[in-house]
Amino acid sequence: LYCQRPHRLDSTNSPMTLSNFLLIGLSSVTAVFSLGTASAASVTVNNPSFEILPGTGLPFPYPGGGHFSESAIPDWTNVQTPGVSGQYAPGAIPGAEYNYLPDGVTFAYTNGGTISQTVGVPVNTGDVYTLSVDLGNRTDLAGVGGSIDLLVDGTKYFGTGAPAAAGGWAVYTATYTGLLADAGDTITIELNNTNTIQADFDAVALTDTPGGVSPTPEPGSIGLLAA
């Protein structure tokens, strides 16, 4: 006795073909991936490459045609102890100090202290905050070095990076994932001198990647393809 195999019907009572079924499965997986992909957003850092100068400009000359300041850096807090800090514009690039600058014509320096800025975005639980800063290594001043960190609720989250070759710059990064206990707290960028000579900084950037989202498809979605 011959019996016709019944068709599977979708919500429109149309036959559900294998290709349609697979298409629905792929669409579901795509939707999960779309929902699970988090993108980093830039957090505003004021005067990030130190191009905005103090009212007095850069009044002190330096051999080779450069000029520097020993005063407050606009939009930043820089305490003049135990060593002075400020901004410096080399006279020539490439020159006696650096072969290039990462961003603009001016960078920040500290001879023994911390340069800091509290950003306007509070901690959100689960978000990943990533700080990146260029640290320089002057050709004419052996031993230049520094460190970076994100300060949250009294805890410093230090960055890592490989020191630049003489005359160059290297990107250091610090990462902090928002803790429930820190929710709503402020985030402060800190640029530190770690020696008795000088630390040079440029091109400061901070990003915020929303947390609590996974780009991995859920098992149920994968199962749609295998059904």
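Nothing fancy with the numbering, it's 1 onward along the sequence.
A donor-acceptor contact shorter than 3.5 Å is absent between the side chain of S69 and the backbone of L58. With hydrogens and angles ignored, the 3.5 Å screen pairs no side-chain donor or acceptor of Q117 with any backbone N or O of V45.
Linking Ile, Leu, Val, Met, Phe, Trp and Tyr whenever their side-chain heavy atoms come within less than 4.5 Å leaves V105 and L53 in two separate clusters. Placement of L150 and V204 within a single hydrophobic cluster is found when ILVMFWY residues are connected by side-chain heavy-atom separations under 4.5 Å, directly or transitively.
Scanning for side chain to side chain donor-acceptor pair (under 3.5 Å) contacts around N47 gives an empty result, with sequence neighbours left out. Residues satisfying the side-chain contact (heavy atoms from CB on, under 4.5 Å) test with L151, not counting sequence neighbours, are D149, K156, T188, E190. Legend: residues meeting side-chain contact (heavy atoms from CB on, under 4.5 Å) with P94, ordered by chain and number and at least two apart, are N99.
Annotation for S132 and T173: closest pair CB-CG2, 4.1 Å, computed over non-hydrogen atoms.
The aromatic rings of F68 and F60 are tilted relative to each other, their planes meeting at an angle between 30° and 60°. Classification of the Y176-Y129 ring pair by plane angle, with boundaries at 30° and 60°, yields parallel.
Side-chain atoms of S49 and D202 form no donor-acceptor pair, as typed in the model, at a separation below 3.5 Å. Side-chain N/O atoms of N193 and T110 include no donor and acceptor closer than 3.5 Å. Using modelled atom types and a 3.5 Å distance limit, the side chains of Y62 and E97 yield no donor-acceptor pair.
Proximity of L141 to Q198: side-chain heavy atoms (C-beta onward) are separated by under 4.5 Å at one or more points. Using a 4.5 Å heavy-atom threshold, the side chains of V128 and T130 count as touching.
Here the two rings, on F201 and Y109, have centers that are 6.0 Å apart or farther.
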